[in-house]
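Single-structure report; data block below.
Basis for what follows: all heavy atoms, side chains included, without hydrogens, waters or symmetry-related copies.
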Amino acid sequence: MNSNRAVRQPGLDELRLLAKVARMYHEKGIRQPQIAAELNLSQARVSRMLKQAVEVGIVHTVVTMPSGVHSDLEDELQGRYGLRDAVVVDTIGAGDEVLPALGSGAAAYLDMTLTGGHVVGISSWSETLISAVDRMPRKSVPVVDKVVQIVGGLGDAAVQMQATRLTARFAELTGGMPVYLPAPGLVGTPAVRRAMMNDVSVRDVLGTWGQLTDALVGIGSLEPSPLLQRSGNAVAEADQDELRRLGAVGDVCFRFFDEEGKLVRSTFDQRVIGVTAKELLAVPRRIGVAGGERKYSAIRAALLGGWVNILITDLAMAHRLIDGA
């Protein structure tokens, strides 16, 4: 059928009947079967007339956004960056102030969109992800098959335990089986990384990364987050200097990229034990949760490079990403 065909303009008598049907349905709340009975019309004709009333301009549909809902901005973000989805949380702030609201927004989004059969990869060390998982309701039936750790725990044993707890808690809430990565996130040399990646227990986890349907990640800036600084597991100064010289502005799963979102190839990258850029970009739903003004360059680059295709962010960041400031 040609959807561009001209709409036939009815005569005045037909317009009166269309208007009567439209008012009965939209203004008086009378159901279609009752309208058909009262006007001695078939129910099928009433349905066609309601559609025709929209086509000829008798009925105009207006969607009014509730306070705190920013669907227009979400649509703009999707169009501008080619995203599958965007969630703009009604909060603003420079840094840590946005974390609780972002966590709540991410928890609600996951609660609605995890519907069954998912294999979810989760980044091990992100303040926003910790905030989201802390606020997630427990599902009454399993909606996830596996929850897979996709980056090793960074640094000392206490931090690696935090990574394990995050994976375990998310699995507990969604009914999935947790799959842990028994390795640090960063090692001293590429040779050590290669040796650890060949370990049978690590290889078993690597085999699940190709099954991922979703990846839940934070977006980091080159400057370490306050959480990483407090933990003593921030990227070392020498590594930061190298990454900065190579043009890095941010990371997802400790894979650093430049302002255009292109992977920065560095000696640091060769020492990370975690999902590779190629493996991550193959995941159908890559959900990034990030906000706060210091992360603008990192978030914009992550979108340009396709590192995430679903973004959950704050109101000020959404405006800035659209305006390009």
Side-chain angles (χ1 to χ4, degrees), residues 63-78 80-81 83-114 120 122-139 143 147 162-163 165-167 169-170 172-174 214-221 223-231 250-253 285-303 307-325:
V63 178
T64 302
M65 288 297 104
S67 177
V69 175
H70 303 282
S71 297
D72 51 346
L73 267 178
E74 292 167 354
D75 289 345
E76 283 191 74
L77 284 171
Q78 284 183 247
R80 175 72 62 89
Y81 294 100
L83 299 173
R84 283 182 56 158
D85 204 355
V87 176
V88 175
V89 180
D90 191 40
T91 187
I92 56 175
D96 287 354
E97 309 97 281
V98 303
L99 286 177
L102 283 180
S104 295
Y109 182 80
L110 293 167
D111 187 48
M112 289 186 293
T113 63
L114 293 177
V120 180
I122 189 165
S123 182
S124 60
W125 194 250
S126 163
E127 237 170 338
T128 49
L129 299 191
I130 293 169
S131 179
V133 173
D134 281 347
R135 289 164 172 78
M136 279 187 65
R138 185 188 302 272
K139 303 297 284 189
V143 294
V147 178
Q162 173 65 50
R165 278 201 300 265
L166 181 61
T167 303
R169 181 61 176 158
F170 189 80
E172 179 187 352
L173 293 170
T174 58
D214 307 77
L216 183 59
V217 301
I219 301 172
S221 58
E223 292 71 30
S225 70
L227 181 63
L228 276 178
Q229 287 177 325
R230 290 195 302 270
S231 73
D251 80 280
V252 170
C253 296
R285 290 205 322 159
R286 304 179 297 281
I287 306 165
V289 189
E293 63 181 27
R294 74 179 180 86
K295 288 196 174 181
Y296 167 71
S297 296
I299 294 172
R300 179 178 179 275
L303 298 183
W307 293 87
V308 300
N309 59 8
I310 296 170
L311 177 67
I312 301 171
T313 195
D314 62 272
L315 181 58
M317 180 61 68
H319 279 296
R320 197 172 175 196
L321 288 167
I322 293 299
D323 297 339

Which heavy atom of Ala290 sits nearest a heavy atom of Thr128, and at what distance? CA-CG2, 4.4 Å
Between Phe170 and Leu110, is there a side-chain heavy-atom distance shorter than 4.5 Å? yes
Which residue is it: Ile287, Leu216, Leu303, Val289? I am looking for the one with a side chain to side chain contact (heavy atoms under 4.5 Å, CB included) to Val308. Leu303
By side-chain contact (heavy atoms from CB on, under 4.5 Å) - contacts of Ala318 (at least two apart): Leu73, Leu77, Val88, Thr313
Return the CG to CZ distance between Leu311 and Arg300, rounded to the nearest 0.5 Å. 13.5 Å
Atom CZ in Arg320, atom CG in Leu315: separation rounded to 0.5 Å? 14.0 Å
Dump the intermediate steps for salt bridge (charged side-chain N to carboxylate O under 4.0 Å, His left out) on Arg138 and Glu172, then the final yes or no. CA-CA 8 Å; Arg138 185 188 302 272; Glu172 179 187 352; 3.1 Å; yes
Tested for side chain to side chain contact (heavy atoms under 4.5 Å, CB included) against Lys139, the lone hit among Leu114, Leu173, Asp111 is Asp111
With no hydrogens and no angle check, is any side-chain donor or acceptor of Glu293 less than 3.5 Å from a backbone partner on Met317? no
Look at the side chain of Thr113 and the backbone N and O of Tyr109, then say whether any donor-acceptor pair between them is shorter than 3.5 Å. yes
First locate atom CD1 of Ile310, then atom CZ of Arg286, and finally report the distance between them rounded to the nearest 0.5 Å. 9.0 Å
Are any side-chain N or O atoms of Ser131 and backbone N or O atoms of Leu99, one a donor and one an acceptor, separated by less than 3.5 Å? yes
Looking at Arg80 and Ile322, would you say the former's side chain and the latter's main chain have a donor-acceptor pair under 3.5 Å? yes
Is there side-chain contact between Val89 and Ser104, with heavy atoms separated by less than 4.5 Å? no
Looking only at heavy atoms, what is the nearest atom pair of Leu129 and Ser123, with distance? CD1-O, 3.7 Å
Does any part of the side chain of Glu76, heavy atoms only, come nearer than 4.5 Å to the side chain of Leu321, both counted from C-beta? no
Determine the minimum heavy-atom distance between Ala298 and Gly250, stating which atoms define it. CB-CA, 3.8 Å
I need the Ile219 CD1 to Cys253 SG distance, nearest 0.5 Å. 10.5 Å
At what distance, to the nearest 0.5 angstrom, does OG of Ser221 lie from NZ of Lys295? 6.0 Å
dist Leu102:CG -> Glu127:CD (nearest 0.5 Å) comes out at 11.0 Å
Apply side-chain hydrogen bond (donor to acceptor under 3.5 Å, both in side chains) to residues Tyr81 and Asn309 and explain how you reach the verdict. CA-CA 8 Å; Tyr81 294 100; Asn309 59 8; over 6 Å; no
